[in-house]
Peer 1: 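This is the structure I have questions about; it appears just below.
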There are 2 protein chains.
Amino acid sequence: MIKKKISINDIARSLGVSKTLVSLVINNKSDIHGISKITQQKVWDKIKEMNYKPNLMARNLRLGRSNTIGLIVSDISNPFYSRMARHIEDLAEKKGYNLIICSTDEKIDKEIALIKMLKNRQVDGLIISSSQKNISEFNTLLAENYPLVLVDRCIPKLKTNYVTVDNTKGAYEAVEHLIKQGYERIAAFAISPVHVSTINDRIQGYLKALKDHKLNYGNAYLREIPFDNVKAAVKKEFKKLIEGKNKIQALFAINNNIATACMEAINENRIKVPHDLALVCFDDVDLFKLTSPTITAVAQPIDEICENALKFLFAEISSKGAAEKKKITLATKLIIRRSSVL
Amino acid sequence: MIKKKISINDIARSLGVSKTLVSLVINNKSDIHGISKITQQKVWDKIKEMNYKPNLMARNLRLGRSNTIGLIVSDISNPFYSRMARHIEDLAEKKGYNLIICSTDEKIDKEIALIKMLKNRQVDGLIISSSQKNISEFNTLLAENYPLVLVDRCIPKLKTNYVTVDNTKGAYEAVEHLIKQGYERIAAFAISPVHVSTINDRIQGYLKALKDHKLNYGNAYLREIPFDNVKAAVKKEFKKLIEGKNKIQALFAINNNIATACMEAINENRIKVPHDLALVCFDDVDLFKLTSPTITAVAQPIDEICENALKFLFAEISSKGAAEKKKITLATKLIIRRSSVL
DNA sequence: TAATTAGGCTAAATCGTTTTACCTGTTTAA
DNA sequence: TTAAACAGGTAAAACGATTTAGCCTAATTA
C-alpha cells in the first residue's frame, strides 16, 4: 500500500490560492493569464517545499492521452526486437513518452487482445510488427484515426503507415551471393506463419534468385519451420536435407532464430562450413561475428527503422483528423563473412 | 486524433438506468447489491452492442492504481535483461498487469529520474536492477511502502525485497574451474561502475578463488572496463595482458558484454583458445553455445529470478501497510564448454 | 465623474470511473 | 396494524488534474 500523495489541492490550500492558479503556473500558462511573478514564485517554492508531483493519471484522464506508446512484437527477447525496443525507448523518452512492450508469440488472438488492451489504456499510439492477416482489427483502428505505424511487417491492402526493409531484395542478394560462389542446391528454412510479409517476401527473394540463375528446382528445398518449435524442427529437416545424393550445398535461414538453430544442427552433425555447406541468413545479430560456423547475414538498419517509425507516429499523434499515410522501405546490407561461404 | 469513445454514461443513458448500476454489473458486484438478473443481462447486451470498453485511465485514477509495473534495468537490449523482461511480461500479464520498461545506461541520475517518473505514473510496483549506491531515493520509496523488488543487484544496507544469485560463488566456481585445469595467471575484466553488487561480488569471488588456491598476485590482473566503452577498452587492455613474459593464461569476463568483447579481441589477435588462453564468463547467452572461441559460462536462473521477483512484488502490492521484506539468493550453474578450457 | 480597461485571480465544469449512502415500494413478521 | 426487512435501484461525492468563463478592484481614459 502506498501513502497518500499530496495533490494540487494541497498546494493551493496551503498557499491560500485556487488550484486553477497552481495549475496555470505548473503548465507555464501563468504569463498568458497574467499571474504575477511573485505569485508564480510562491507556487514554485511551495511545490518544491512539499515535493509535489502532478498525478499523471489524473492529468492524462483530463487530457485524453497517456504519453505512452504501445509496442507489439512477436517476442521481445528476440535480439532484433529488443534492439528495436531499446532504440524506440530512447527516442520516445526524448518526447516524454514511455513504452509498454508486449509479445504475441505470433498468436493472432493474443495480438488482437493486446491491441484492445492498449487502446483501453489510452496509449497514444501503437507500433506493431504484426502477425495478422485479417485486417479487420486494424481497420477499426484506422476508422478511429488511431495513431498506428506498422514496422517490419506489412499487411497487404491495409492503408496505414509502414516502415519496412526490402526483404525480397535482401534475401535475393543473400542467395545470389551463394550462387555466385558456385553453390547450386540451396535450401531455405522459412518460419510459420508464412503469411507474414517479411517471411513471404524473403521466400520470394530466395525463389527469384534461384530462377534468375537457372536453378530450376523451385521450392523443392524450401522448408517451413513452426514458430513454436524451431530448434527441433530445424534439426529434423536439416538431417534429411544433408543426406542422399541430392544433398544440399548451402542453406538460407530466414531469420536469426532459424539461423541459430541451423548452426546448432551444423555443429551436431559435424558439418564443415563452408566446405560441406554454406550458410547465410536474414537478420544480423552482434554475436554472429563470433559464431562457429560463421554466417553471412542480411543486416537490417534497426536505428533507421525506429527513427522513421517514431517520426510517422508522432506525425499522426499531433495531427488532428486523418493524416496522410506514409511508407518507407529501407535497404538492407549484406554482411559477408568470408568463411561462411567459399 | 482519436474519435470520442463511448463511456459508461452512454450505456446508462441508453438503457435508462444509472451509471452506478452499470458499474456494479461490470465489476460483478451486482449480485451483492441485488441487481436483478434481467437488468444485468440488459446491461451486458448493451455493452456488447455498443462495444463499450471501460476507460482504464479513469478507473485507475479512481482506484489509485494503474495495473502497471515498472521495470528498470541498465539496458533492455542486453540479452540477459531482455529475457528477464519477456518472462516478467508473461507472468505479469496473467495477473492483468503490463510492463513499462526503462533503461538507465548505468546512469544514476537517469535511474532516479525514471523512478520518479514511474511513481508519477502511478505504477503499482517497481522491479529494479539498480546502479545506485546512494540509497536515499529508495528510502523514500520504502517510507511510502511503495512496492519494490530489487533484482540482480543488491544495495547494501537497504532493507527491501531482493532476488539475486550467488554471484560470489558463481564467479568462484568459474575461476576455480580454470585453476583446476592448471591455469595460473588468470585475468579478470570487470565493468564500471564497480560499486554495483553483482560486479563487486564477482570480483570478490575471483579474488577468493585465486587466494584459496595460492595464487598470490591479488588484483594485479584485474581490469576495470568503463560501461560505455566496452569494446575499445577491452581490446586495449587485452593487448597489454597477452604480451611480455607474464602474459596471462586465462581470462574471466564479468558479464556477457565483456565476454563478447573478449572473444572479439581473441579473434583479432589470433589467439588460440584454449591452447593460448582459456575463457570463462559470467552470464550465459543462447548463442554462447556457438561462438568461436567457445566460452564456459556461469548461467543464471532467469525464470526463477522473475518468478520470485513477481511473487515478492505482488505480495507487497496486495498487503496493506508495511509488508515483511523478503530475500532470496538463487544458485548459478557453471556451463562447461570443453574446448574453452584445456 | 463615469466608463472602460487591465491586472490578478477564482468557481465550476469536465474527463470516466467507483463507491457510499440513501431512496422507494413491497413483503414479511409480530 | 405497524415496524422491519428486502428487493432493486439512484444521486452525488470522490479521484486529481485542466480549462472556460468570468469576477473584483484599481487604474486609466474620455
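The chains referred to below are lettered A, B, ... by the order of the sequence lines, with proteins before strands, and numbering in each begins at 1. Just so it is clear, the model here is predicted, and its values are computed rather than measured. All values below come from the heavy atoms of this structure, side chains included, with hydrogens, waters and symmetry mates left out.
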Peer 1: Among the candidates C:dT19, D:dG16, D:dT20, find the nucleotide nearest to the side-chain atoms of A:H33.
Peer 2: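 Minimum distance to the A:H33 side chain belongs to D:dT20.
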
Peer 1: Nearest whole angstrom, please: distance from the P of D:dG16 to the OH of A:Y52.
Peer 2: 10 Å

Peer 1: Working to the nearest 0.5 angstrom, can you tell me the gap between B:E93 CD and A:K110 NZ?
Peer 2: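 The NZ atom of A:K110 is 4.5 Å from CD of B:E93, to the nearest 0.5 Å.
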
Peer 1: Using whole Å, report how far CG of A:N60 lies from C1' of D:dG16.
Peer 2: 11 Å

Peer 1: Please state how far atom CD1 in B:I35 lies from atom P in D:dA7, giving the value in whole angstrom units.
Peer 2: 12 Å

Peer 1: Please figure out whether B:G34 or A:K29 has its closest DNA chain D nucleotide nearer the 5' end.
Peer 2: B:G34

Peer 1: Find the distance B:L15:CG to D:dG8:P and express it as a whole number of Å.
Peer 2: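 Roughly 17 Å, once rounded to whole Å.
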
Peer 1: If only side-chain N and O atoms count, and only distance matters, is there a donor-acceptor pair under 3.5 Å linking A:E137 with A:Q132?
Peer 2: no

Peer 1: Specify the residues of residues 19-27 of chain A, ordered by number, for which at least one heavy atom lies under 4.0 angstrom from an atom of DNA chain D.
Peer 2: A:K19, A:T20, A:S23, A:N27

Peer 1: At under 4.0 Å between heavy atoms, what does B:K53 touch on the DNA or RNA strands: base, sugar-phosphate, or nothing?
Peer 2: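 Sugar-phosphate contact only.
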
Peer 1: Heavy atoms under 4.0 Å, any strand shown: does B:L63 hit a base, just sugar-phosphate, or nothing?
Peer 2: sugar-phosphate

Peer 1: Just the rounded figure in Å: distance from C1' of C:dT17 to CZ of A:R121.
Peer 2: 15 Å

Peer 1: Please check if any side-chain donor atom of A:Q41 sits under 3.5 Å from a side-chain acceptor atom of A:D45, or the reverse.
Peer 2: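 Yes - a donor-acceptor pair under 3.5 Å links their side chains.
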
Peer 1: Quick check for you: to the nearest 0.5 Å, what is the distance between A:L24 atom CG and A:D31 atom CG?
Peer 2: 10.5 Å

Peer 1: Are the charged groups of B:R86 and A:D105 less than 4.0 angstrom apart, N to O?
Peer 2: yes

Peer 1: Go nucleotide by nucleotide along DNA chain C from the 5' end; which of B:M57 and A:V17 gets its closest nucleotide reached first?
Peer 2: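 The 5'-side residue here is A:V17.
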
Peer 1: Starting at atom CD1 of A:I47, determine the distance to atom P of D:dA17, rounded to an integer number of angstrom.
Peer 2: 10 Å

Peer 1: Where the side chain of B:N55 is concerned, which of C:dG8, C:dT17, D:dA17 is the nearest nucleotide?
Peer 2: C:dT17

Peer 1: Expressed in angstrom and rounded to an integer, what is the separation of B:I32 atom CD1 from C:dT20 atom P?
Peer 2: 11 Å

Peer 1: So for A:R59 and D:dT18, does any side-chain atom that can act as donor or acceptor lie under 3.5 Å from a complementary atom in the base?
Peer 2: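 It does not, because no donor-acceptor pair links the side chain of A:R59 to the base of D:dT18 below 3.5 Å.
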
Peer 1: State plainly whether the residues B:E307 and B:K94 are in salt-bridge range, i.e. N to O under 4.0 Å.
Peer 2: no

Peer 1: At what distance, to the nearest 0.5 angstrom, does CZ of A:R121 lie from OG of B:S66?
Peer 2: 6.5 Å

Peer 1: Can you tell me if the side-chain N/O atoms of B:S7 get under 4.0 Å from OP1 or OP2 in C:dG16?
Peer 2: no

Peer 1: Check the side chains of B:E316 and B:N161 for a donor-acceptor pair under 3.5 angstrom, ignoring hydrogens and angles.
Peer 2: yes

Peer 1: Nearest nucleotide by nearest heavy atom, which residue falls closer to the 5' end of DNA chain D, B:R62 or A:N9?
Peer 2: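 Taking each residue's closest nucleotide, the earlier one in sequence belongs to B:R62.
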
Peer 1: Whole angstroms only, please: what is the CG-P distance between B:L61 and D:dA13?
Peer 2: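 Distance, rounded to whole Å: 17 Å.
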
Peer 1: Quick check for you: among D:dA11, D:dG8, C:dT10, whose closest atom lies nearest to any side-chain atom of B:S18?
Peer 2: D:dA11

